[in-house]
Each structure stands twice: as C-alpha cells, then as structure tokens.
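Only heavy atoms go into these numbers, but all of them, side chains included; no hydrogens, no water, no symmetry mates.
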Amino acid sequence: MTTLMMILGIVVFAIGLLFSIAWHELGHLSTAKLFGIRVPQYMVGFGPTVWSRKKGETEYGVKAIPLGGYIRMIGMFPPGPDGRLEARSTSPWRGMVEDARAQSFEELQPGDENRLFYTRKPWKRVIVMFAGPFMNLILAVVIFMGVMMTFGIQTQTTTVGKVSDCVIQQSENRTKCAKGDQAAPAKAAGLKLGDKIVAFNGEPVKDWSALQNDIRSNPGKDVTLTVERGGERLDLSTQLIRNQVSKSDGNGGYVEGEYVYAGFLGFTPASGIVQQSFGQSVDRMGDMMENGVESLISLPSKVPALWDAAFGDGPREDDSPMGVVGAARVGGEVLTLDIPPENQIAMMLFLVAGFNLSLFLFNMLPLLPLDGGHIAGALWESLRRNVAKVFRRPDPGPFDVAKLMPVAYVVAGIFICFTLLVLVADVVNPVRIS
C-alpha cells in the first residue's frame with residue numbers, strides 16, 4: 001500500500017508539473033498572439049512528440065520528456081548587419097550566432113514580414129517574455145494564499161506546549177535544571193500544559209509572534225497573563241526576568257546560533273494548523289518571495305555541500321537545492337505520511353506552488369536563454385533608442401540578441417551541469433520529509 005501511495009504521489013506531482021509548464025507557456029502564447037506575432041508551435045516537454053494537433057496556424061502538442069516546454073515564435077532575432085538570415089563562418093562562436101539567427105526564420109512564410117518578434121516594440125517584447133514567468137507567479141500566489149486562508153498552515157500558537165522548570169541561558173545548550181537555577185516565571189505563575197494565552201496585561205493576543213514580542217519587551221516587569229483552561233478564563237501574575245534567549249527572526253521563529261538578552265517567561269508554544277487572515281497570508285507570501293530570492297543568490301555557495309552529498313559521505317541539508325526528481329520523490333512521500341488527507345492535499349499544493357515560485361524567480365535571471373535574458377535585451381534596446389532620440393542621433397535599430405548566443409550556450413552548459421549534479425544527489429542522497 002505504501003508503494004502504491006508513493007507512486008500515486010509522484011503521478012500527482014507530475015500532473016501538477018505539466019500543468020505548471022503548460023500554464024507558463026500559455027502566458028507567452030497568449031501575449032504573442034495578442035501582439036500579432038506568429039507562433040507555429042506550442043509544446044509541453046522536450047524530445048519526441050507524443051501527441052500534437054494543429055489548430056489554426058499553431059501546432060499544440062506534448063513531448064516525451066516533461067522537463068520544460070516552449071513556444072516557437074517567428075523572428076526571435078533580427079537579420080545580420082548585411083540583412084542576410086544565413087551566412088557562412090569558420091568561427092565556431094560566429095557559427096552559433098548565424099545558426100540561431102537562421103533558425104528563428106526557418107519557418108518564415110509570405111506575409112510574415114510584419115509578424116516577426118523582433119519587429120515589435122521593446123515594451124511588447126518585454127510583456128511577451130515576462131508573461132510566462134508571471135503566470136507561474138500568479139499560480140504560486142493563488143495556491144499559497146488559498147491554502148493559507150482556507151486550510152491554514154502549521155505554525156506556533158499561543159497554546160502552552162511545555163512549561164520550563166527553571167531558567168537556563170540558551171547558549172548553555174542544556175535542558176536539565178542544575179542546583180541553584182531560578183524557577184521559571186511560567187512555572188511560578190502556575191501556567192500549565194494546554195493553557196491558551198489570550199491576553200497579555202489585559203491586551204488581546206493575536207498570535208505567537210505578537211506574544212513573543214510582548215514577553216521579550218518587558219524584562220523585569222510584573223505582568224498578567226489571561227489564559228483559557230477547561231472552558232474558563234484565569235488571570236495569572238508573574239514577574240518576567242531578563243535572560244539570554246535565541247534571537248527572534250521577527251516572525252515567531254529563531255535565528256540559529258545568535259542570542260540576545262530579553263524578557264523571559266519560560267514555556268514552549270504548541271504548534272497547530274491555523275487559518276491565516278488575508279493580511280497574514282500576504283505577509284507570509286512576502287517572506288516566501290524574500291527567502292526564494294536569498295536562496296537563489298546563495299545557490300553557488302551550496303554546490304560544495306551538494307557535491308559531498310552526491311559523491312561523498314556528506315549529509316543532505318534540509319535547504320539543499322532539489323530538482324524535479326527530488327520534488328517528485330517528496331510528492332510521493334507526502335501521500336505515505338500518517339496524517340489526515342486534507343494535510344496531504346495541502347502539502348502537495350504547497351509543493352506545486354513552491355515549484356511555480358522557483359520557476360518565476362529562476363526565469364527572471366537576466367541571462368540567456370532564460371526569459372529574463374530576452375527581457376534584458378529588449379530593455380537595453382529601448383534605452384539605446386531613447387538615448388539616441390534625446391541626443392538626435394541615428395536610430396541604432398534592434399539590439400541583436402543573437403550575438404549573445406555563445407554566452408547563452410555557456411550559461412546553458414552550467415545549468416545542465418548543475419541540474420545533473422542535483423539529479424545525482426536526488427537519487428543517491430535525497431531530501432526526505434517526516
């Protein structure tokens with residue numbers, strides 16, 4: 001049964017992956033057609049074509065390898081300086097440029113002269129190339145917000161999960177009380193497991209983050225905690241003490257290895273599934289975006305640890321980069337967990353949403369062959385033309401993105417090597433969930 005659920009989870013994730021790719025390419029397709037650019041192909045996947053059907057001037061299809069997708073637009077690159085689409089060169093780098101230029105015109109038909117991608121104004125090209133990643137962003141936001149506001153997310157609450165017996169400095173890294181340790185204020189106040197703190201000094205408490213801030217902001221002060229216990233409300237009084245605690249990340253969590261002195265009560269909050277308000281969901285979505293950008297920036301620094309995990313005896317870190325195979329495996333594990341079905345659905349949706357958020361951020365890198373590279377080229381062309389107009393210079397014409405194809409091949413080679421490294425790590429030393 002476990003194997004069956006694992007396979008089912010992988011299949012469900014694969015369906016979500018294919019939909020995300022199709023959704024991304026739909027953004028490019030719809031805006032390209034909106035601006036009159038001819039699109040001969042819309043494909044989900046790479047490799048041999050499994051199924052296709054032509055409708056109007058576009059062939060729609062699915063290919064065998066579900067690791068991406070594409071639309072083919074006519075005239076992605078402008079002709080060369082001599083106006084020719086093809087040329088001969090003994091230079092391999094120049095050959096790459098000429099091959100890319102020729103390929104973008106290989107399906108040129110009579111009447112296409114005014115339907116070429118490069119002839120559109122730069123702002124239209126930006127919209128066409130941005131539309132794909134933007135579709136992934138929309139899908140990620142809708143799923144994340146929908147799950148957080150309807151089902152909720154696992155988060156720390158104001159319910160007491162454990163009461164500390166004594167005061168221990170966080171950096172001491174011990175849990176047992178020693179002789180001479182002062183009793184924890186929570187213990188002295190009579191706080192018990194299962195109590196729900198609903199007010200701090202008479203002010204309602206909305207969440208754990210706010211309560212944590214209240215506690216830490218009042219070292220040495222007498223405070224009153226209002227708790228719900230057995231259907232009744234009780235007021236408990238105690239004096240907070242100043243103690244060394246882990247530094248807060250501002251969202252109820254902690255910064256590992258960093259400490260501050262602040263007010264201390266002495267209890268561990270219980271975790272639970274809590275529905276989020278619209279405002280809370282927006283805040284968390286912002287945090288996810290920020291964490292995603294930071295993860296993308298730190299990607300090169302994770303390569304050594306990833307190499308050790310794949311080819312050495314190093315552990316696979318929880319925040320290690322994970323590819324499609326690893327994500328599919330996690331999707332399979334989700335359905336094998338001994339948790340309620342609604343939790344499994346929420347986790348699977350979060351996995352697909354996270355994949356879409358990663359697609360958005362990754363594709364916005366200003367590097368060819370990514371969408372961000374084409375956007376950067378169009379913006380540079382717009383800048384050049386506007387500067388020429390201001391200084392009354394001749395129009396420099398379209399920016400020849402084809403000249404950057406050698407760089408694009410190098411970037412693509414690096415991406416392929418990194419993808420293969422992640423693939424090996426996902427197979428031999430995968431990220432696991434519990």
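- Here the closest heavy-atom approach between residue P185 and residue L265 is recorded as CD-O, 3.3 Å.
- No donor-acceptor pair closer than 3.5 Å links the side chain of N218 to the backbone N or O of K221.
- A pairwise comparison of heavy atoms in H28 and P133 identifies CE1-CD, 4.0 Å as the closest pair.
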- After noting the C-alpha distance and the side-chain angles of V303 and L421, does the key distance pass the side chain to side chain contact (heavy atoms under 4.5 Å, CB included) rule? CA-CA 9 Å; V303 171; L421 175 60; 4.0 Å; yes
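- Going from atom CZ of F134 over to atom CD1 of I138 covers 4.0 Å, rounded to the nearest 0.5 Å.
- A pairwise comparison of heavy atoms in K63 and F46 identifies CB-O, 3.3 Å as the closest pair.
- Distance CD/Q41 to CZ/R72: 5.0 Å, rounded to 0.5 Å.
- More than 12 non-hydrogen atoms from other residues, nucleotides or ligands lie less than 6.0 angstrom from CG of D395.
- At a threshold of 4.0 Å, the pair E228-R233 counts as salt-bridged, since one of the basic side-chain nitrogens sits closer than that to a carboxylate oxygen.
- Within the structure, every pair that satisfies the ring pair (Phe, Tyr, Trp, His ring centres under 6.0 Å) test and touches residues 295-320, not counting sequence neighbours, is listed here: W307-F311.
- Within the 3.5 Å criterion, the main-chain N or O of A378 finds no donor-acceptor partner in the side chain of S382.
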- Task: Could you please spell out the steps behind the side chain to side chain contact (heavy atoms under 4.5 Å, CB included) verdict for I153 and I273?
- Result: CA-CA 5 Å; I153 58 173; I273 304 295; over 6 Å; no
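- A 4.5 Å side-chain heavy-atom check between K206 and L211 finds every atom pair outside the cut-off.
- Counting heavy atoms from C-beta outward, F13 and V330 have side chains that stay 4.5 Å or more apart.
- To the nearest 0.5 angstrom, D222 atom CG is 5.0 Å from Q239 atom CD.
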- Item | side chain to side chain contact (heavy atoms under 4.5 Å, CB included) assessment of M348 paired with V12 | CA-CA 8 Å; M348 188 65 76; V12 170; 3.9 Å; yes
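- Just one of H24, M135, M289 meets the side-chain contact (heavy atoms from CB on, under 4.5 Å) condition when paired with F360; it is M289.
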- Please step through salt bridge (Lys or Arg N to Asp or Glu O under 4.0 Å) for the pair R125 and E381, ending with a clear verdict. CA-CA 11 Å; R125 277 179 276 153; E381 177 185 322; 2.7 Å; yes
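- Note on ring orientation: taking the six-membered ring where Trp is involved, the planes of Y60 and Y42 are tilted (angle from 30° to 60°).
- For the residue pair V431 and E317, the shortest heavy atom distance occurs at CG2-O, 4.1 Å.
- A donor-acceptor contact closer than 3.5 angstrom links the side chains of E59 and S52.
- In this structure the side chain of F264 never reaches within 4.5 angstrom of the side chain of R242, judged on heavy atoms.
- The local environment of CZ in F151 is crowded, with over 12 non-hydrogen atoms from other residues, nucleotides or ligands closer than 6.0 Å.
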- Message: Working note: V260 + V245, criterion side chain to side chain contact (heavy atoms under 4.5 Å, CB included); need CA distance, chi angles, decisive distance, verdict.
- Response: CA-CA 6 Å; V260 295; V245 295; 4.0 Å; yes
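- When side chains are defined from C-beta on, V160 does not count as touching K192, because their heavy atoms never get closer than 4.5 Å.
- There is no side-chain donor-acceptor pair under 3.5 Å between D235 and T224.
- In this view, F267 and W208 satisfy the ring pair (Phe, Tyr, Trp, His ring centres under 6.0 Å) rule, not counting sequence neighbours.
- We find that E333 and R432 are joined by a salt bridge, their nearest charged nitrogen and carboxylate oxygen being less than 4.0 Å apart.
- For the atom pair L240 CG and I215 CD1, the distance stands at 7.0 Å (nearest 0.5 Å).
- When side chains are defined from C-beta on, T155 counts as touching R284, because their heavy atoms get closer than 4.5 Å.
- Taking all atoms of both residues into account, the shortest heavy-atom contact from N243 to I168 is ND2-O, 3.3 Å.
- Among N363, L370, D371, the one residue that satisfies the side-chain contact (heavy atoms from CB on, under 4.5 Å) test with M129 is D371.
- With Q276 contributing its side chain and V274 its backbone, the two residues share a donor-acceptor pair below 3.5 Å.
- Distance check: M285 CE to Q280 CD gives 15.5 Å after rounding to the nearest 0.5 Å.
- Put simply, CG on L225 and OG on S237 are 8.0 Å apart, with the number rounded to the nearest 0.5 Å.
- When all heavy atoms are compared, the tightest approach of G397 to R384 is O-NH2, 3.2 Å.
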- Before giving the answer on ring-ring contact (aromatic ring centres under 6.0 Å, His included), spell out for F362 and F415 the whole-Å C-alpha distance, their side-chain angles and the decisive distance to 0.1 Å. CA-CA 11 Å; F362 184 70; F415 287 161; 5.0 Å; yes
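- Side-chain contact, T31 with K124: no donor N or O sits under 3.5 Å from an acceptor N or O.
- E290 places a side-chain heavy atom less than 4.5 Å from the side chain of E294.
- The main-chain N or O of G36 is found under 3.5 Å from a side-chain atom of R120 such that the two form a donor-acceptor pair.
- At distances below 3.5 Å, at least one donor-acceptor pair connects side-chain atoms of T157 with backbone N or O atoms of T159.
- The residues R329 and D426 are annotated as not salt-bridged, no charged nitrogen and carboxylate oxygen being separated by less than 4.0 angstrom.
- In this structure the side chain of L365 reaches within 4.5 angstrom of the side chain of L296, judged on heavy atoms.
- Under a cut-off of 6.0 angstrom, the local environment of CD in E232 is sparse, with at most 12 non-hydrogen atoms contributed by other residues, nucleotides or ligands.
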- Message: What verdict does the side chain to side chain donor-acceptor pair (under 3.5 Å) test give for T58 and K33, after you've listed the backbone C-alpha separation in whole Å, the side-chain angles of each residue and the deciding distance to 0.1 Å?
- Response: CA-CA 10 Å; T58 304; K33 286 183 174 290; 2.9 Å; yes
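- In this structure, a donor-acceptor pair under 3.5 Å is absent between the side chains of S295 and N291.
- At a threshold of 4.5 Å between non-hydrogen side-chain atoms, the residues L368 and V411 do not count as touching.
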